[in-house]
Structure formats: structure tokens, C-alpha cells
Amino acid sequence: MLVQAYNLMAHGFLLFLLFSCIISTNIHACKPTERSSLLSFASTLSSLHLNWTSIDCCRWKGITCDQDGWVTHLLLPSKGLKGGIPSSSLGNLTHLTHVNFSHNSLYGSLDTQFFMSLNRLEFLDLSYNLLSEELPLSLPSSNIRTVDLSSNHFHGAIPPSFFQQASNLTSFNVSNNTLTGYVPSSICLRHSSPFLRLLDFSSNAFSGNLAPGLGKCSELQVFRVGHNNLSGLLPEDIYNCTKLEEIALPLNFLHGTISDKIVNLTNLASLDLYYNHFDGELPLNLGKLSMLKFLTFDFNNLEGALPPSLMNCTNLVELRLGSNNLEGDISMLDFSRLSQLTKLDLRRNNFTGTIPRSLYSCRSVKAIGLSGNLLEGQIEDDILSLKSLSFLSLGYNRFTNLTGAMKMLMSCRSLHALMLGGSFVGEGMPSDDDMVDFHGFKNLRLLNLDDCQLTGQIPLWLSKLRNLEVLFLAYNQITGPIPSWLGTLPRLFYINLKDNRISGEFPKQLCRLPRLVYEPNIASQVEAFEIELPLTIGQNSNPTFLPHRLAYFAASLDLSNNNINGHIPAEIGQLQFLHKLALNSNNFSGIIPDQISNLKNLEVFNLSMNHLSGIIPLSLASLNFLKEFDVSYNSLEGPIPTSTQLQSFEASAFEGNLKLCGAPLPNKCSPNKGIDADNKNNKDMHNGLHQLPWFYMFTALGFIVGFWGVCGCLIFNKTWRYAYFRFIDNVQDRLLYMMIIVRINMMKRRT
Ligand SMILES: *[C@@H]1O[C@H](CO)[C@@H](O)[C@H](O)[C@H]1NC(C)=O
Ligand SMILES: *[C@@H]1O[C@H](CO)[C@@H](O)[C@H](O)[C@H]1NC(C)=O
Ligand SMILES: *[C@@H]1O[C@H](CO)[C@@H](O)[C@H](O)[C@H]1NC(C)=O
Ligand SMILES: *[C@@H]1O[C@H](CO)[C@@H](O)[C@H](O)[C@H]1NC(C)=O
Ligand SMILES: *[C@@H]1O[C@H](CO)[C@@H](O)[C@H](O)[C@H]1NC(C)=O
Ligand SMILES: *[C@@H]1O[C@H](CO)[C@@H](O)[C@H](O)[C@H]1NC(C)=O
Ligand SMILES: *[C@@H]1O[C@H](CO)[C@@H](O)[C@H](O)[C@H]1NC(C)=O
Ligand SMILES: *[C@@H]1O[C@H](CO)[C@@H](O)[C@H](O)[C@H]1NC(C)=O
Ligand SMILES: *[C@@H]1O[C@H](CO)[C@@H](O)[C@H](O)[C@H]1NC(C)=O
Ligand SMILES: *[C@@H]1O[C@H](CO)[C@@H](O)[C@H](O)[C@H]1NC(C)=O
Ligand SMILES: *[C@@H]1O[C@H](CO)[C@@H](O)[C@H](O)[C@H]1NC(C)=O
Ligand SMILES: *[C@@H]1O[C@H](CO)[C@@H](O)[C@H](O)[C@H]1NC(C)=O
């Protein structure tokens, strides 16, 4: 028995081997002509990633053959292919059905004749390459089903004959090119593409109306033409495409109302129309779209109240209706059925009432944006039942009891971004002692309490927010000093305290903000972090858009319009990653510290309207990124450093400094004035000179030697001699002084 069974198995095994051998030779017998076409293809493109060496080309990576040894699939995404499309070798692979060259560096044009010769092609993916020029005149054949030409550099209009043959096309993507002309709605008209399911024309430069015709694409599921230059109305027959699951037309100039017929699109899951000019009311029966998950309508001109039926869209995940003219009492709406809701954006409308209590039962909610409405009342502690709440924007309403709200929200562990600016007007800054001990706001990264006319001081509980990155406290009536602990918050890199009544000196400890001193690894940790809804600040009528990622905020220290006095500490030079430094309209006195030139990333620098004296340090000219510069209305003096980028700013950036001279100011530096200024300057310099590093000393020494070397050989005319002696005077003075300081410092260090 055993032996028989063994024999049977052995025979079976042999048979199996034989069989699989036959099959594999049948499948993988690469035709020599195909092999040479492939090799020719590979040799035309410089690619390091193809490893086509073995005999049987059907076993090569990315190649599939049919049973007769014809190559059918050429799937080479992300293989570093570089060069023009090798049409002659590809054209010889006459049995190709699947081609995928996405994410390579193919450039040049798609030649019409070659393209049409691929007459068995069914799938073509050339996305994410560098192809340019106009599209070929026609798609290859009636076999073609999927075409992805997205993310290339194609331009020009889509040729009228392009889709003529493509009677089996199901999916077409040309997004992210620079195509112009009309969106070819005719694609559906001739019954040419009855199977079309996906059309993506987004992110191009298509313009004009969306012509009727789409209605004939009865199988259409996804239709995207967002981010183009479309105008006009939505074509009525779009409501005939009852299989539509996604309509995305954001960032265009479309107008008109959304017809009630939209309720016929019962499969619709995503309706994305933000940033257009749509007006009128939302369709009354919108609630019949029971599959709807994403409704994004922000930045349009919608008016009227929210239709109560909206709350029948129980699958809603995102509801974004911000920046419209919507109104009505939202306290009455019953959100309790929207159990999937994660983002609600009703910002910048005219909604009234209180925060709907039913909203607190939407346990999936991560983001609530209600700012810029006419809402009133207090924040209720039911809000704490939203365990995932991460983004809360309630500013520019008529809410009251900030202290109550903050004490409550402190224990919301998931909260990342809290925007309350422009509400709670005229209340006191919450500052109870128990808030300090509570260690709340564990994960808060952004806090905005701008524009509330809050009184009181910068509160101590802020010192416990170890994850805080961005702090807005501008436009309040905050008094008292800037607390030195502010400089210890490990992630803080954006501070706006503008327009308050803050007094005292600039605390030196603020110059130790870790994120601005070390550009620590923290930055890379937080880089990917994205807030749930786009941020805007400011009033309804004139919102300022802020970046989606906190990491895109420019590192900033804005203390302008306060009563801060004393010197600008030399230590400020440590904040080397700062992009904006605004100290204007305060009472700062003393000199502009030379160390500011260490702030190599500085783009905005404003010291205007203070009492600063002395010269403008020459080293400031090394701040290459400066875009805004203002030192007007101080007591600065001497020549503006010449032949530097400082000359590229308007005279108004320097005006109001009576003793300042030279371009771009109209008053020239007269020689006498120059001497006066410089002499006086030296006295002023004594405040700041002790920070001048060795570097300057050696440069100065080197310069003197060089100067002697060159000038010693010249016969001086009067002006030269004059300039020379002035120069020596200055340098000798400074050198002498520096040596004394260096000695003193060395002695200090010894003791
Ligand atoms: C190339 O292919 C051969 C055989 O298929 C294999 O032995 C070799 O490791 C491959 N080389 C690379 C760099 O992948
Ligand atoms: C394509 O085939 C033709 C004729 O069959 C041949 O002359 C030509 O060399 C081939 N081209 C390539 C690149 O293999
Ligand atoms: C082409 O390959 C990429 C990467 O593997 C893949 O994501 C894409 O879906 C493929 N294209 C087609 C049309 O299958
Ligand atoms: C293309 O569509 C026609 C009908 O319009 C059909 O007969 C044919 O089989 C289809 N071809 C492919 C490759 O699907
Ligand atoms: C079209 O291609 C782009 C990439 O270029 C992709 O992001 C987009 O999702 C595609 N469209 C559809 C509807 O799949
Ligand atoms: C658009 O195409 C460019 C290259 O042309 C690419 O870098 C970018 O990632 C694409 N954008 C999207 C959203 O796919
Ligand atoms: C957008 O379309 C309008 C007309 O509809 C045209 O005047 C304008 O030049 C277009 N803009 C771009 C960037 O194509
Ligand atoms: C939409 O469909 C209806 C009924 O199916 C039909 O009567 C109407 O003509 C179609 N409209 C368009 C513009 O195709
Ligand atoms: C909408 O659907 C109803 C019934 O399902 C139908 O009578 C009507 O013609 C449809 N409207 C359009 C525009 O297709
Ligand atoms: C919501 O749907 C229910 C049935 O599912 C229906 O009775 C009710 O009238 C609908 N509400 C609105 C406002 O359309
Ligand atoms: C709110 O209503 C007032 C008065 O009705 C109107 O002036 C204002 O433009 C509206 N604001 C918005 C954002 O709709
Ligand atoms: C403010 O809110 C707190 C907490 O909800 C509450 O205890 C307090 O009574 C409120 N104060 C006023 C004046 O309503």
C-alpha cells in the first residue's frame, strides 16, 4: 500500500513537473524580435534601475508576455527612465496592451502617428513625467480603456478628434497640465464613450462654459474640473448622470444656483464646489442625498438658511459652508444624526443662535469652525464629550465668559488649535491660580486670543503649554511685562503681542527660545502636522489666509505698538531662525545691536517709532533675505551704509531720523556732518562695542595693512587724504577701545 502510494505520488510529481515545464516554456518563450525591441528601448532611455540581462525577456522585471511570447505589459513606474519616448522600439512591440511609465522623467512630445500605432493598447499611464507640447490628434484605438496623462506639461487645446475612436474609454485623467480651451463635454455626445466612468480635467487652464453633453455619459462616476478658469452655469444635464459619485469643480468662476434636481444624483458621495460664485439657497431636499459624505461649498455666495433636511445626510463626514451669506438660527438644527461628522465649517456667515447642543453628540468631530457669525451664549461643558476635538474656532462672535470657556477647554486633551479671537470682547484675561496648577491644554499648538480687548497680564498658565508653537495675543489691552518664562517654551516660534499696553524691558530670556536658537529636530517632528481646516484671521470682510501647516508659519516675534522700553538686548542675535522681528512703536532706546546681523533668515525688520540712537550698523547689509525694513522715526545718525541692499528700500524706511544721511534719503552726507556723526557715534558705540567679536578686530587689522599697502603707493589728492585720515582716526579709536575691552573680558574670565 505504502509503496503504491509512494509511486503514485512520484508519478504525480513528475507529471506536475512536466506540465509546469511545458506551460512555463510556452508562456516565457520570448520572441527574439521582442527582446531586441526591448533592449533597444532600454538603451534609448538612461535608466539605472532596469536590469534586463537574462535570455528570456518575458522574465524581466516589468515585462509580461502572452502565451505566444509577445510582450503585452510594459510596467515600469518609478524606474528613473529619462529621455524622449522611444517611439520606434515601442512601436515594434505590436502586442502591447498595458503600458505604465508613471513617475519617470520622460520628456518631449507624444507623436500622433506613433501613438495611433499602439492599436491594442488598453491601459496607458504616463502620469508624473515631463511630457510637453500638444496632445496627439487622437487616442490610439477602440481598445483603449484607461488613459492617465496627468501631471505632465501638456498644453494647448484637446483636439476635437481626440476621443473619436475611443469607444471603450472608461477612465481619462489629464489633470495637472496646462491645457487650455473648452472642456470637451462632447466626449459623451456621440455615444462615443458609453462606458466612461472617470473624467479628471482638474488643475489646467480650461475656460469657458461647461457645454451640455455630459448627460449622455450615463455611467459617469467621477467628474473633476477643479482649479481651472471655468465660467457660466452648471449644465442642466449633469443632473442626468445618476451614477455620479463625485463632482469636483472647486476654484473656478461658476455661478448660478444649485438645482433641486441634484437630488436625482442619489449616488453622490462628494460635492466639492468651493471657491466659485454659486448663489441662491441650498436645495431644500438636499437630505435625499443619503450617500453624501463630503459637501464643500465654502467661498461662494450662498444665502438663506440651512435646509433642515441636511441633517438626513447621515453619512456626512465633512460639511464646509464657510464664507457665504448663510443665515438663520443654527441652535435648532439637529446634528445628532450625523454620527460620522468629522469637520464642520460654518465660519464667516451670518448664523445666529447658540452653539447647537446636538453638535456635542457627534462623537467623531475633530474640527468645528463657527467663527465670524452672530452666535452668542457660553461654551458649555458638554463640549468635553467630543474626545477627538482638535480644531475649535469660535472667534468673531458674541460669546461671553472666556474664563469659564478656557477652564473647561483646558482639559480637552486632543485640542491642537484654539481660535477665540474677536469674541469675549472686553473681558479679563483668564488668570486664576488653579489654571496654573491644572497643567491643561496638553497638546495645544496654536492659541489665538487676538482682538478681544482683554485686560490683565500675560497669564502664568501659558508657561505650562509645552507644545505651544503659535501664540496670538495681539489687539488687546494687556498690561505688565513680557514674562521671562516665555523664552522657555520649547516649541514656540511665532509670537504676536502687537497692539497692547505691554511695558517693561525686552527680557533677555526671550532670546533663548529653543526653536529659534537651535532649529532643533523638533521642527522636523512637527513639520508634517496639519491642522484640520484652513486658517484665516481677521474680520469677515477681509480675512487673511494662513497656511494649513503650522510649520509654514514664518518664525516671528511681533511686539509692535506697546510701551516696551530699555535697550534691545544684544542677545537677540541668538534667535537666528527668526523671519520677522517687529519692535516698532515702542520706547526702545540705545543702539541697534550689531548682533542683529546674525539673524540671517530675517525678512521683515521693523524698528520704527522708537528712540534708538547711534548708527545703522554696517553689518545689517548682510541680511540677504530682507524684504521689509523700517527704522524711521528714531534718533539714528550718520551715513546709511552705502552700496548695500539697504539702498533698495524707500526713503520712508529711514525718514524721521534728523541726523541720518545718504541714499536713499535726499540729504547727502556732508563731510563735516559725517565727522560729527562719527565722533559722536564712537561715544555711543561704547555701549555696544564690547560685543564685537574678534573677527571684526582682525578684519580691521587686515584692512589697515592692505590699505597701507595700496594707498601708500598712491599720490593722495586732497579728498583722498581727507578720507584716509578720517578712516585712520576711526579705526585707531575703535581698535584701542576693543583691546581694552578684550583685556577686561579676559580678566573677568580669569576671576
Ligand atoms: C540583476 O538580475 C540578476 C539575475 O536576474 C540578479 O542576479 C542580479 O542581482 C540583479 N542585479 C540587480 C542590481 O538587481
Ligand atoms: C522595428 O522594426 C523594424 C522592422 O521590423 C526594424 O527595421 C527596426 O530596426 C525596428 N526598430 C527597433 C528600434 O527595433
Ligand atoms: C501605474 O503604476 C503606479 C505605481 O505602481 C500605480 O500606482 C498606477 O495605478 C499604475 N497605473 C495604472 C493605470 O494601473
Ligand atoms: C469595445 O466596445 C465594443 C462595443 O462598443 C465591444 O464590442 C468590444 O468588445 C470592446 N472592446 C474591448 C476591447 O473591450
Ligand atoms: C488624476 O491624476 C492625479 C495625479 O496626477 C491624481 O492625483 C488624481 O487622483 C487622479 N484623478 C482621479 C479621478 O483618480
Ligand atoms: C503636478 O505636477 C507637478 C509636476 O509637473 C508635480 O510636481 C506635482 O506634484 C503635481 N501635483 C499633484 C497634485 O499631483
Ligand atoms: C479666463 O477666462 C476668461 C474668459 O472666460 C479670459 O478672459 C481669461 O484670460 C482667462 N484666464 C486665464 C488665466 O486663462
Ligand atoms: C435628462 O433625462 C431626462 C429623462 O431621462 C430626459 O428627458 C432629458 O432630455 C435629459 N436631459 C438632457 C439634457 O439630456
Ligand atoms: C429625477 O428623477 C425623477 C424620478 O426618479 C424623474 O422623474 C426625473 O425626470 C429626474 N430628473 C432628471 C432631471 O433626470
Ligand atoms: C428625513 O428623513 C425621514 C425619513 O428617513 C423623513 O421622514 C423626514 O421627513 C426627512 N426630513 C427632512 C427634513 O427631509
Ligand atoms: C450679514 O448680514 C448683514 C446685514 O444683513 C450684511 O450686511 C452682511 O454682509 C452679512 N454678512 C455676511 C457674511 O453674510
Ligand atoms: C462662566 O463659566 C463658568 C464655567 O462654566 C461658570 O462656573 C461661571 O458661572 C460662568 N460665569 C458667568 C458669569 O456666567
Side-chain angles (χ1 to χ4, degrees), residues 77-78 100-104 106 123-131 145-157 169-183 187 196-211 217 219-233 241 243-255 260 262-263 266 269-272 275-277 281-292 294 304-316 328 330 332-339 358:
S78 308
N100 191 341
F101 295 155
S102 79
H103 290 277
N104 283 295
L106 302 175
F123 295 89
L124 175 65
D125 189 345
L126 298 176
S127 63
Y128 294 100
N129 278 284
L130 307 166
L131 298 168
R145 284 193 269 166
T146 298
V147 176
D148 192 343
L149 304 177
S150 66
S151 296
N152 278 285
H153 303 309
F154 291 113
H155 58 79
L169 194 64
T170 58
S171 168
F172 182 68
N173 191 346
V174 279
S175 69
N176 199 13
N177 282 285
T178 39
L179 297 168
T180 50
Y182 290 99
V183 170
I187 191 171
L196 256 180
R197 285 203 293 266
L198 184 152
L199 279 178
D200 193 341
F201 297 101
S202 50
S203 299
N204 279 287
F206 290 112
S207 57
N209 293 354
L210 276 176
C217 278
E219 300 295 315
L220 196 61
Q221 293 171 355
V222 176
F223 182 57
R224 294 187 190 166
V225 202
H227 208 169
N228 277 287
N229 188 19
L230 301 182
S231 50
L233 305 165
C241 306
K243 299 242 170 107
L244 269 176
E245 292 170 12
E246 176 183 339
I247 300 177
L249 302 169
L251 295 154
N252 280 296
F253 302 96
L254 298 165
H255 69 270
D260 224 11
I262 201 164
V263 302
T266 47
S270 174
L271 181 59
D272 184 1
Y275 226 106
N276 276 287
H277 298 310
E281 303 197 0
L282 282 171
L284 207 56
N285 292 315
L286 206 56
K288 292 200 174 144
L289 298 177
S290 58
M291 309 291 265
L292 207 56
F294 300 93
L306 294 185
S309 81
L310 191 58
M311 301 304 153
N312 268 3
C313 301
T314 51
N315 286 307
L316 269 180
I330 54 166
M332 297 307 156
L333 292 171
D334 180 10
F335 283 88
S336 61
R337 301 180 58 200
L338 308 186
S339 58
S358 58

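Whatever order the structure lists ligands and atoms in, that order sets their numbers, starting from 1.
- Within the 4.0 Å heavy-atom cutoff, Ser127 does not count among the residues contacting ligand 5.
- The closest approach between any non-hydrogen atom of Leu198 and ligand 5 is below 4.0 Å.
- Atoms of ligand 5 found under 4.0 Å from any heavy atom of Tyr128 (numbered from 1 in listed order, with element): 4 (C), 5 (O).
- Side chain to side chain, Ser270 and Asp272 fail the donor-acceptor criterion of an N or O pair below 3.5 Å.
- For ligand 5, one of its N or O atoms has an N or O atom of Ser150 under 3.5 Å away.
- Among all heavy-atom pairs drawn from Asn204 and Val174, the shortest one is ND2-O, 3.0 Å.
- Polar contact check, Asp148 against ligand 5: no nitrogen or oxygen pair lies under 3.5 Å apart.
- Close approach to Ser309 involves these atoms of ligand 10, each under 4.0 Å from a residue heavy atom: 12 (C), 13 (C), 14 (O).
- Ligand-side atoms of ligand 5 in range of Ser175: 1 (C), 2 (O), 3 (C), 5 (O), range being under 4.0 angstrom from any heavy atom.
- Asp334 CG to Ser358 OG: the interatomic distance, rounded to the nearest 0.5 Å, is 5.0 Å.
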For ligand 7, what N or O to protein N or O distances fall under 3.5 Å?
| residue | atom | partner | partner atom | Å |
| --- | --- | --- | --- | --- |
| ligand 7 | 2 (O) | Asn229 | OD1 | 3.4 |
| ligand 7 | 2 (O) | Asn229 | ND2 | 2.4 |
| ligand 7 | 11 (N) | Asn229 | ND2 | 2.6 |
| ligand 7 | 14 (O) | Asn229 | ND2 | 3.1 |

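- Taking the charged nitrogens against the carboxylate oxygens, Glu219 and Lys243 do have a contact shorter than 4.0 Å, which makes a salt bridge.
- Residues passing the side chain to side chain donor-acceptor pair (under 3.5 Å) test with Ser171: none are found, sequence neighbours excluded.
- Applying the ring pair (Phe, Tyr, Trp, His ring centres under 6.0 Å) test to His103 and every residue at least two apart in sequence or in another chain returns Tyr128.
- Ser203 and Asn176 share no donor-acceptor pair across their side chains, judged by distance under 3.5 Å alone.
- With a heavy-atom cut-off of 4.0 Å, Asn173 touches ligand 5 through its side chain alone.
- Atoms CG and OH, from Leu254 and Tyr275 in turn, are 14.0 Å apart once rounded to the nearest 0.5 Å.
- Legend: salt bridge (charged side-chain N to carboxylate O under 4.0 Å, His left out) pairs involving residues 224-233, not counting sequence neighbours, sorted by first then second residue: Asp200-Arg224, Arg224-Glu246.
- If you take CG on Asn312 and CG on Leu292, they are separated by 12.0 Å, rounding to the nearest 0.5 Å.
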